[in-house]
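Every heavy atom of this structure was used, including side-chain atoms; hydrogens, water molecules and symmetry mates were not. Chain letters run A, B, ... following the sequence lines, proteins first, then strands; residues in each count from 1.
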Amino acid sequence: MKIATFNVNSIKARLNNLVHWLEEAKPDIVCLQELKCVDEAFPHEAIEALGYNVAVHGQKTYNGVAILSKFPLEDITKGLPGDDSDEQARYVEAVVSTKDAVLRVASIYLPNGNPVDTEKYPYKLGWMDRLTAHTKELLQAEEMLVLAGDYNVIRTADDCYDLKAWADDALFKIETREKFYELVNLGLTDSFRACHTEPNRYSFWDYQRGSWQKDNGILIDHLLLSPQAADRLTACDIDKAPRGREKPSDHTPVWIELDV
DNA sequence: ATGCCGGGCGAAGCCCGA
């Protein structure tokens, strides 16, 4: 089973690019972020025509996440538990059932947090605390769990082209990375690092400054696995093709293969 | 090099992303 995460930076602007990639990569499950549309505006017809069931948690203009699945989706949770006043659509979770397996999947759009001297940074850190608390609950079920998305976290210096450019950024600040390690240290497996040791593999390149052409990227899209899912992990990689095409997102998909 | 793209909103510039 192939599971991917892709921050599309507007599902409306990215529909052709996304459909092209779905047809060629044929993922079974896809976690999307930054839809930038309300539920009613999601292009259900185009996606369902490719054989996907859809769970959407949208929002006007900003954020918005979805899960696409070739298998049925059940028990859909919209929004990250832990703060009823949080209106940002950054989390959707669902149970995927195949004929001989059940796994829980979440699509995550973790807050960016910049500028760090505004309320945006504590919101990010608080959101990460809520994600850790919720994950702790989910892990008690001892089931296959995949937490996939745009974490807006550069885990180590290996994951960025120029540390100087990011040292004090909300994506790399030590407080951010500590929260990320706290989450992973619940017992999750970081898929990409479980399969690769080489540095300078990226999932995001800024639209500006010729970042794509110069390969000035960062790796911030991650798939974290419960032990039960990690036991089935056979591959993880980054698919750079969509980033090089017409009207690309600034992110490109990262995918895993699970022996399920 | 904290705004050089690109998207949304809405009809022009401004907010936002990472």
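Under the 6.0 Å cut-off for aromatic ring centres, Tyr161(A) and Tyr202(A) do not qualify, their centroids lying 6.0 Å or more apart. Less than 6.0 angstrom separates the ring centroid of Trp21(A) from the ring centroid of Phe6(A).
At distances below 3.5 Å, not a single donor-acceptor pair connects side-chain atoms of Ser211(A) with backbone N or O atoms of Tyr207(A).
Distance check on atom C1': dA1(B) versus dG13(B) gives 23 Å, rounded to whole Å. dG10(B) and dC15(B): their P atoms are spaced 15 Å apart (whole Å). Distance noted for atom C1' between dG7(B) and dA12(B): 15 Å (whole Å).
Closest approach of Leu73(A) to Ala55(A), counting heavy atoms only: CD1-N, 3.7 Å.
Each of dG6(B), dC16(B), dC9(B) was ranked by its minimum atom distance to the side chain of Thr61(A); first place goes to dC9(B). Among dG3(B), dG8(B), dG17(B), the nucleotide with an atom closest to any side-chain atom of Gln208(A) is dG3(B). Distances from the side chain of Glu34(A) to the nucleotides dC9(B), dG17(B), dG7(B) place dG17(B) closest. The nucleotide whose nearest atom lies closest to any side-chain atom of Asp206(A) is, among dG7(B), dG8(B), dG3(B), dG3(B).
We find that CH2 of Trp205(A) is positioned 24 Å from P of dG3(B), with the value rounded to whole Å. Here dG17(B) presents its C1' atom at 14 Å from CD of Gln59(A), a figure rounded to the nearest Å. Between the P atom of dG17(B) and the CG atom of Asp169(A) lies a distance of 12 Å, rounded to the nearest Å. Look at CZ on Arg14(A): it is 12 Å from C1' on dG17(B), rounded to the nearest Å. Atom pair Ile11(A):CD1 and dG8(B):P shows a separation of 11 Å (rounding to whole Å applied). Here dG7(B) presents its P atom at 17 Å from CD of Gln33(A), a figure rounded to the nearest Å. Spacing between atom CG of Asn9(A) and atom P of dC5(B) amounts to 16 Å, rounded to whole angstrom units. Put simply, CD on Gln213(A) is 12 Å from P on dC5(B), counting in whole angstrom units.
A salt bridge is defined here as a Lys NZ or Arg NE, NH1 or NH2 lying under 4.0 Å from an Asp or Glu carboxylate O, and Arg104(A) with Asp75(A) meets this definition.
Both Leu110(A) and Lys60(A) lie close to DNA chain B; mapped to their nearest nucleotides by heavy-atom distance, the more 5′-ward contact belongs to Lys60(A). Nucleotides of DNA chain B nearest to Asn7(A) and Ser10(A) differ in position, and the one nearer the 5' end is that of Ser10(A).
Residue Asn114(A) is classed as a base contact, given a heavy-atom separation below 4.0 Å to a base. Contacts of Asn63(A) with the nucleic acid, taken as non-hydrogen atoms under 4.0 Å apart, are absent. Note on Phe172(A): nothing from the nucleic acid sits closer than 4.0 angstrom, heavy atoms only. At the heavy-atom level, Ile218(A) lies under 4.0 Å from the strands shown only through sugar-phosphate atoms. Counting any heavy atom pair closer than 4.0 Å across all strands shown, Asp150(A) reaches sugar-phosphate atoms only and no base atom.
Ring-plane geometry between His222(A) and Phe180(A) is classed as tilted, the angle between the planes lying from 30 to 60 degrees on a 0 to 90 degree scale.
Distances shown here put a side-chain N or O of Lys247(A) below 4.0 Å from the OP1 or OP2 atom of dG7(B). Checking the phosphate oxygens (OP1, OP2) of dG3(B), no side-chain nitrogen or oxygen of Arg209(A) falls inside 4.0 Å.
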